[in-house]
K.L.:
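Below: one structure in structure tokens.
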Amino acid sequence: MTQATSCNQKTPMLHNQKNDKKWLPLCAGVALALAANSAHAAYDYSPFKLSVSRTSAPSAEVGDNGNEFTRDVWRLKLSAAMPVSRQWSVGVNLGYDNLDYGWKVNQNNQLINASVPWTSINRYSVGMSVNYRPNNQWMFMVSPKVQYAYANTASSSNALSYGAVGMGMYRFDSGNMLGLGVAYLNDISEVRTVPYLAVKWQINDKLVLTNPFQAGFSGPAGLELQYQYNDNWDFGIGSSRRTERFLVENDDTTIEIEEWVSFLRAGWKVSNSALIHIYGGYYFAGEMQLSEPDVSQDIENQMAGAIAFEVKF
């Protein structure tokens, strides 16, 4: 599970969820982490992070013709972030996602055809981020990204997407941070601008409201309420709107899956450099749309589960 963002790069889901929608580079969460922990950066700093996640969802009906699909998603991301000075930091990231859709086609239609089904989607991305802190109160970030997302029925030649996320956050005397961001997305056959709220708000010594997902092609960053149980375990509940968009034919014909995802999360700090997150989620209010001809069908609500592992080095 997408869309979050963000974002603690904790979240595989959401893809989850306009475009998985897909991504943008170093997430606002990385920028937040750099801002919040600058005092410790010189002493305990790991510039690289590797994230691997797996999401699985059982069968769900698409439309009213009895067609069903399952989905399994692998996500791999390698990122690096490094302070350049007291005010500037930069980051880069590389990502690969494999989305596997298993179809049970009961009746052919314009959206899905049993003789030529799209079943596997490859998504490659590269991005960077630039963060600027002019003083102790303000932080600004800009993150451009390039991505290719295409099904097994298409090639990568027309699957290019690109865009950028910009964000500004204000840090209050309490340490809480609040800001606004906007994502400009030139996706496959569609251009859009998506605003989002960036937040990291310490409610008390145990509760924090923050963004669980990165903002970008996958949608807004979402919101998650986190509970710090102890030094090694934390729990969260959150939601976001997520989107996947990918090329299915070589003439700019795309499929877009847009839906809401809500989730429960348990996080385990294995060590100072390794984290494991386990998710139980629920996709709802989903829609699958074909760009040409313009056809859309509702997706049945479905449960999903995910596990994510990240290591810093």
Side-chain angles (χ1 to χ4, degrees), residues 1-7 11-28 71 73 75 77 93-99 101 111 118 120-129 141-167 181-196 211 213-222 240-261 283 285-297 299:
M1 290 187 321
T2 203
Q3 70 346 29
T5 358
S6 42
C7 5
T11 60
M13 299 178 284
L14 323 130
H15 22 248
N16 0 29
Q17 35 335 15
K18 248 165 180 174
N19 260 318
D20 181 32
K21 265 173 154 211
K22 299 157 201 168
W23 36 293
L24 260 138
L26 267 199
C27 150
R71 39 185 163 177
V73 179
R75 298 182 184 277
K77 184 175 183 179
N93 63 86
L94 299 171
Y96 171 71
D97 302 336
N98 179 262
L99 294 73
Y101 294 90
L111 196 63
W118 47 268
S120 179
I121 289 86
N122 291 306
R123 184 165 55 228
Y124 301 88
S125 65
V126 58
M128 69 171 295
S129 66
M141 180 195 73
V142 60
S143 298
K145 185 171 182 176
V146 174
Q147 173 177 285
Y148 286 85
Y150 56 96
N152 57 302
T153 52
S155 71
S156 62
S157 57
N158 293 326
L160 172 65
S161 302
Y162 60 89
V165 169
M167 181 193 69
V182 62
Y184 166 78
L185 311 170
N186 194 320
D187 208 354
I188 307 172
S189 69
E190 181 176 346
V191 177
R192 64 188 166 280
T193 302
V194 182
Y196 69 97
N211 302 122
F213 305 107
Q214 67 186 73
F217 283 78
S218 57
S240 185
R241 189 163 183 82
R242 302 279 90 186
T243 304
E244 306 279 357
R245 188 181 184 90
F246 45 85
L247 189 71
V248 293
E249 295 182 16
N250 292 330
D251 57 353
D252 293 337
T253 301
T254 61
I255 287 286
E256 181 172 281
I257 299 174
E258 186 173 17
E259 61 205 335
W260 283 91
V261 58
Y283 293 116
E287 182 182 70
M288 184 180 295
Q289 182 176 18
L290 178 68
S291 64
E292 186 60 40
D294 187 1
V295 177
S296 61
Q297 294 181 357
I299 303 174

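Along the sequence shown, residues carry numbers from 1.
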K.L.:
Any luck finding a side-chain donor-acceptor pair between S189 and R245 under 3.5 Å?
P.N.:
yes

K.L.:
Which heavy atom in A151 sits nearest to a heavy atom in W118, and how many Å separate them?
P.N.:
CB-CB, 3.8 Å

K.L.:
Take L160 and V146 through the side chain to side chain contact (heavy atoms under 4.5 Å, CB included) test and state the conclusion after the steps.
P.N.:
CA-CA 7 Å; L160 172 65; V146 174; 3.4 Å; yes

K.L.:
For residues L185 and V191, determine if any side-chain heavy atom of one lies less than 4.5 Å from a side-chain heavy atom of the other.
P.N.:
no

K.L.:
Can you check side chain to side chain contact (heavy atoms under 4.5 Å, CB included) on E287 and E256, steps first, answer last?
P.N.:
CA-CA 8 Å; E287 182 182 70; E256 181 172 281; over 6 Å; no

K.L.:
Any chance you could measure N122, atom CG, to L99, atom CG, to the nearest 0.5 Å?
P.N.:
8.5 Å

K.L.:
Can you name the side chain to side chain donor-acceptor pair (under 3.5 Å) partners of S296, sequence neighbours left out?
P.N.:
none

K.L.:
If you round to the nearest 0.5 Å, how far is CZ of F246 from CG of D97?
P.N.:
12.0 Å

K.L.:
Quick one: does T153's side chain have a donor or acceptor within less than 3.5 Å of a partner on E249's backbone?
P.N.:
no

K.L.:
Using a 6.0 Å distance limit plus a 45 degree cone around the ring axis, check whether R71 lies over the aromatic ring of Y283.
P.N.:
yes

K.L.:
When rounded to the nearest 0.5 angstrom, what is the spacing between OH in Y150 and CZ in R123?
P.N.:
12.0 Å

K.L.:
For the atom pair CE (M288) and CG (L111), what is the distance rounded to the nearest 0.5 Å?
P.N.:
6.0 Å

K.L.:
Between E258 and R241 (salt bridge meaning N to carboxylate O under 4.0 Å), is one present in this structure?
P.N.:
yes

K.L.:
Mind checking whether Y124 and Y96 have parallel, tilted or perpendicular rings, split at 30° and 60°?
P.N.:
tilted

K.L.:
Might you work through the side chain to side chain contact (heavy atoms under 4.5 Å, CB included) test for I299 and I257, ending with a clear yes or no?
P.N.:
CA-CA 9 Å; I299 303 174; I257 299 174; 3.7 Å; yes

K.L.:
Judged by atom type as modelled, is there a donor-acceptor pair below 3.5 Å linking the side chain of N211 to the main-chain atoms of G222?
P.N.:
yes

K.L.:
Of all heavy-atom pairs between S143 and S129, which one has the smallest distance, and what is that distance?
P.N.:
OG-CB, 3.2 Å

K.L.:
Evaluate V194 against R192 for side chain to side chain contact (heavy atoms under 4.5 Å, CB included), listing each step before the verdict.
P.N.:
CA-CA 7 Å; V194 182; R192 64 188 166 280; 4.2 Å; yes

K.L.:
Search all heavy atoms of S120 against all heavy atoms of N98 and return the closest pair with its distance.
P.N.:
OG-ND2, 3.5 Å

K.L.:
Measuring from atom CD of Q289 to atom OG1 of T254, what distance do you get when rounded to the nearest 0.5 angstrom?
P.N.:
7.5 Å

K.L.:
Can you tell if the side chain of E292 reaches within under 4.5 Å of the side chain of D252, non-hydrogen atoms only?
P.N.:
no

K.L.:
If you measure from CD1 on I121 to CG on N152, what distance do you get to the nearest 0.5 Å?
P.N.:
7.0 Å

K.L.:
Restricting to side chain to side chain donor-acceptor pair (under 3.5 Å), what partner residues turn up for S157, sequence neighbours left out?
P.N.:
S155

K.L.:
Does any part of the side chain of T193, heavy atoms only, come nearer than 4.5 Å to the side chain of V182, both counted from C-beta?
P.N.:
yes

